[in-house]
Amino acid sequence: MDPSSTPNAFTLFYVKFRAAAPKVRTLIEQIEQRSEKMPEYQQLLSDIHQCYLGQRELLLGPSIASAVTELTSRNNRDHCALVRSGCAFMVHVCQDEHQLYSEFFTKPTPKLDELLEKLCVSLYDVFRPLIIHVIHLETLSELCGILKNEVLEDHVQNNAEQLGAFAAGAKQMLEDVQERLVYRTHIYIQTDIAGYRPAPGDLAYPDKLVMMEQIAQSLKDEQKKVPAEASFSDVRLEETEPNHPTKPGSAGSLSARPQTTLSPADLHGMWFPTVRRALVCLSKLYRCIDRAVFQGLSQEALSACIQSLLGASESISKNKTRIDGQLFLIKHLLILREQIAPFHTEFTIKEISLDLKKTRDAAFKILNPMTVPRFFRLNSNNALIEFLLEGTPEIREHYLDSKKDVDHHLKSACEHFIQQQTAQFVEPLELFTAKVSALRTMASQGGPRYTLSQQPWAQPAKVGDLVASVYKTIKTKLPLTLRSMSLYLSNKDTEFILFKPVRNNIQQVFQKFHVLLKEEFSPEDIQIIACPSMEQLNLLLSVSK
């Protein structure tokens, strides 16, 4: 009868065999002892092993195949549950077979593992077609975690002797899942990060930040009205446990922030989609694949993410203001740099290329008609020998570091912001100072002498209007700039570090202008110009400290 179709399958598979074991155990022990000295008993013992394992295979083969088929139909849409239940089933089979074998024999045989490997293949043959059709990175990364952590590390390492045969099949399944994960990740980077086309809502800066800030403020106002008990309105833009570090690859690592108050831009759901996708992708890959493969994929993902941020920054600058585009880029590059820091790995890959410049030059040289007579010279001046010696291509190594790439673009974005803000506030004064410097240079090189106050563009009244216009620009636009920085960055230290060079540049321009006034204008003209003192300027700029 078919044992797999009866409710007493376990009795047929194991209980009856264990009941029969004592009847032959003594005889088998004697054969095992004599096989150490007599070759004919070695063959006899091998035949007994073959007979026993052959009967086990006939009994277990169909039953295991039907059990795996039943598991597959039961968990057809849940690959993780299927892998868990299938592996747990085969682990029990391997352990039970080793225990039953020890009831009959005292010495191990490699044929037992060969049988178990053959039985495990039925599980692998069912799983592999399902694995190679999975397209979701979440499912593939979870399968990697199950096979790597739960199966191989927890079960196999704790019972390596009995599960050696199963480990080979589990490792093969893990390699297949990892291979599929790498392939799907590469496609995901190309389509969902590099090929991402932002929707209008993705570029709605600073409107979406202002809206989130207003929502947070309204929730905060509601909290003041309700009792101290916990309520649904307890959601706020504040971090409750800043001192609990999170492991890279965990969901919490994507939103942890080392500060008290969060900007709306810090919320995981408010990140630009490509930043969120790249970081989630890396978090899922980090513990699933080899370090070298992770480095290559992380370089590809971060490079694509940076390019998408540069494009989005340009679009925001065109649709809104330049400062919005710059602060958007700075904020998201800061998020990238902070979020990849917990990954304890190098984000560096080596690319090897051939430099054919010498080969090309040598080829042009040998094709020159003047070199034809040198083809047949029997000395070191032979053209063919020169081509072989000089035309060897060179192998060049290039190192790409995505962490440094993020730092480079962040530094560049900050420099552009500083230059643009400095120009916005004091560019007219800089142009005036440059024009005066050019006039001085011409005079020092033998040009006509000049009196600056008599120049049409440097009359005291016009210079006074120029200074008043610059001071008014600083007074009106400085609060707007600081407000934008607070909205995007929401970190006083970061805001101070970023704006400090702008403040220093403004102070230096005014210091140079004060020196120029003393050198080129009379005290009466200086009074007409009425340039603010450095104390007045510092008082105006002190709001940024």
Between the main-chain N or O of [Y] and the side-chain N or O of [X], is there a donor-acceptor pair closer than 3.5 Å?
| X | Y | answer |
| --- | --- | --- |
| T139 | I135 | no |
| R277 | I193 | no |
| S313 | L310 | no |
| E314 | G311 | no |
| S412 | H408 | no |
| K208 | G201 | yes |
| S469 | L466 | no |
| R180 | V134 | yes |
| S486 | L482 | no |

Fill in: Passing option when L334 is tested against N491, L329, T494 for side chain to side chain contact (heavy atoms under 4.5 Å, CB included)
T494
Fill in: The single option from V182, L181, I187 passing side chain to side chain contact (heavy atoms under 4.5 Å, CB included) against T185
L181
Fill in: Over 12 foreign heavy atoms within 6.0 Å of CE, M442
no
Discussion item. With a 6.0 Å cut-off (strictly less than), is the heavy-atom count around CD of E179, excluding the residue itself, greater than 12?
Written reply: no
Rounded to the nearest 0.5 Å, what separates atom [atom1] in [X] from atom [atom2] in [Y]?
| X | Y | atom1 | atom2 | value |
| --- | --- | --- | --- | --- |
| F425 | I474 | CZ | CD1 | 7.0 Å |
| L147 | I131 | CG | CD1 | 6.5 Å |
| F417 | L327 | CZ | CG | 5.0 Å |

Item to complete: Taking the six-membered ring for Trp and the single ring otherwise, decide whether the centroids of F328 and Y488 are under 6.0 Å apart.
Response: no
